[in-house]
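As a basis for the values below, the full set of heavy atoms in this structure was taken, side chains included, without hydrogen atoms, waters or symmetry mates. Please read all numbers here as calculations on a predicted model, not as lab measurements.
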Amino acid sequence: QVQLVESGGGLVQAGGSLRLSCAASGDIFSVKTMDWYRQAPGKQRDLVADITSGGVTNYVDSVKGRFTISRDNAKNTVYLQMNSLKPEDTAVYYCHAIISRGSRGQYDYSFWGQGTQVTVSS
């Protein structure tokens, strides 16, 4: 089976920083796109940033210039460096990945991490 395990959430003051990590493990042929989503209370889950296997990145406008997504392909791990945090960044952050499985990587699957709470106080 495949698991995505997240870490790095916590409580931080406005203007502070956190780094989230998400490691994929298990029956993996290759990891394709890796993403970070977030969900605030009473709101839908929205894409924050994504990164392709080749390192091409994309960000929602509200975090551009403050957040950086990166990955270590050898470790099947994606990171989200969050700087200049604002109270509106408060949410549960979820890691997501498209992972190829099978002897030749012929099957693609979507996997989600367990979520990690990020709380930014004013």
Is there a side-chain contact between [X] and [Y] in this structure, where contact means two heavy atoms from C-beta onward sitting under 4.5 Å apart?
{"X": "S121", "Y": "Q13", "answer": "yes"}
{"X": "Y59", "Y": "I69", "answer": "yes"}
{"X": "D46", "Y": "Q39", "answer": "no"}
{"X": "T57", "Y": "D50", "answer": "no"}
{"X": "S110", "Y": "H96", "answer": "yes"}

Self-check item: I99 side, atom CD1; S30 side, atom OG - distance, nearest 0.5 Å
Solution: 9.0 Å
Quiz prompt | From T52 atom OG1 to I98 atom CD1, the distance as rounded to the nearest 0.5 Å | solution = 13.0 Å
Give me the atom names and distance for the closest heavy-atom approach of [X] to [Y].
{"X": "L4", "Y": "C22", "result": "CB-SG, 3.8 Å"}
{"X": "R71", "Y": "V31", "result": "NH2-O, 3.1 Å"}
{"X": "T77", "Y": "A23", "result": "OG1-CB, 3.6 Å"}
{"X": "I28", "Y": "V2", "result": "CG1-CG2, 3.9 Å"}
{"X": "D89", "Y": "S84", "result": "OD2-O, 4.5 Å"}

Exercise. Output, in order, the C-alpha distance, side-chain angles, deciding distance and verdict of side chain to side chain contact (heavy atoms under 4.5 Å, CB included) for V12 and T119.
Key: CA-CA 6 Å; V12 66; T119 302; over 6 Å; no
Side chains of [X] and [Y] only: does a donor on one sit below 3.5 Å from an acceptor on the other?
{"X": "D108", "Y": "S100", "value": "yes"}
{"X": "T116", "Y": "Q114", "value": "no"}
{"X": "S17", "Y": "N83", "value": "yes"}

Self-check item: Trace of the side chain to side chain contact (heavy atoms under 4.5 Å, CB included) decision for F111 with M34
Solution: CA-CA 10 Å; F111 292 94; M34 302 188 82; over 6 Å; no
Give a yes or no on whether [X] and [Y] share a hydrophobic cluster (residues Ile, Leu, Val, Met, Phe, Trp, Tyr; joining criterion: side-chain heavy atoms under 4.5 Å apart).
{"X": "Y79", "Y": "Y37", "result": "no"}
{"X": "Y93", "Y": "V60", "result": "yes"}
{"X": "V118", "Y": "V48", "result": "yes"}

Exercise. Would you verify whether the NZ or CZ of R45 falls within 45 degrees of the ring axis of Y94 while also being under 6.0 Å from that six-membered ring's centre?
Key: yes
Practice problem: Using modelled atom types only, decide if a donor and an acceptor are shared between the side chain of R66 and the backbone of M82 within a distance under 3.5 Å. | Solution: no
Quiz item: When you measure from the side chain of Q81 to the backbone N and O of T68, does any donor-acceptor pair fall under 3.5 Å?
Solution: no
Is it true that, when you exclude [X] itself, more than 12 heavy atoms of the residues, nucleotides or ligands shown sit nearer than 6.0 Å to its [atom1]?
{"X": "Q117", "atom1": "CD", "value": "yes"}
{"X": "Q106", "atom1": "CD", "value": "yes"}
{"X": "Y109", "atom1": "OH", "value": "yes"}

Practice problem: Determine, step by step, whether I51 and V78 satisfy the side chain to side chain contact (heavy atoms under 4.5 Å, CB included) criterion, reporting the C-alpha distance in whole Å, the side-chain angles of both residues, the deciding distance to 0.1 Å, and the verdict. | Solution: CA-CA 9 Å; I51 184 167; V78 64; 4.1 Å; yes
Quiz prompt | Trace of the side chain to side chain contact (heavy atoms under 4.5 Å, CB included) decision for R38 with L80 | solution = CA-CA 12 Å; R38 66 187 180 188; L80 187 67; over 6 Å; no
Quiz item: Can we call the ring centroids of F67 and W36 under 6.0 Å apart?
Solution: no
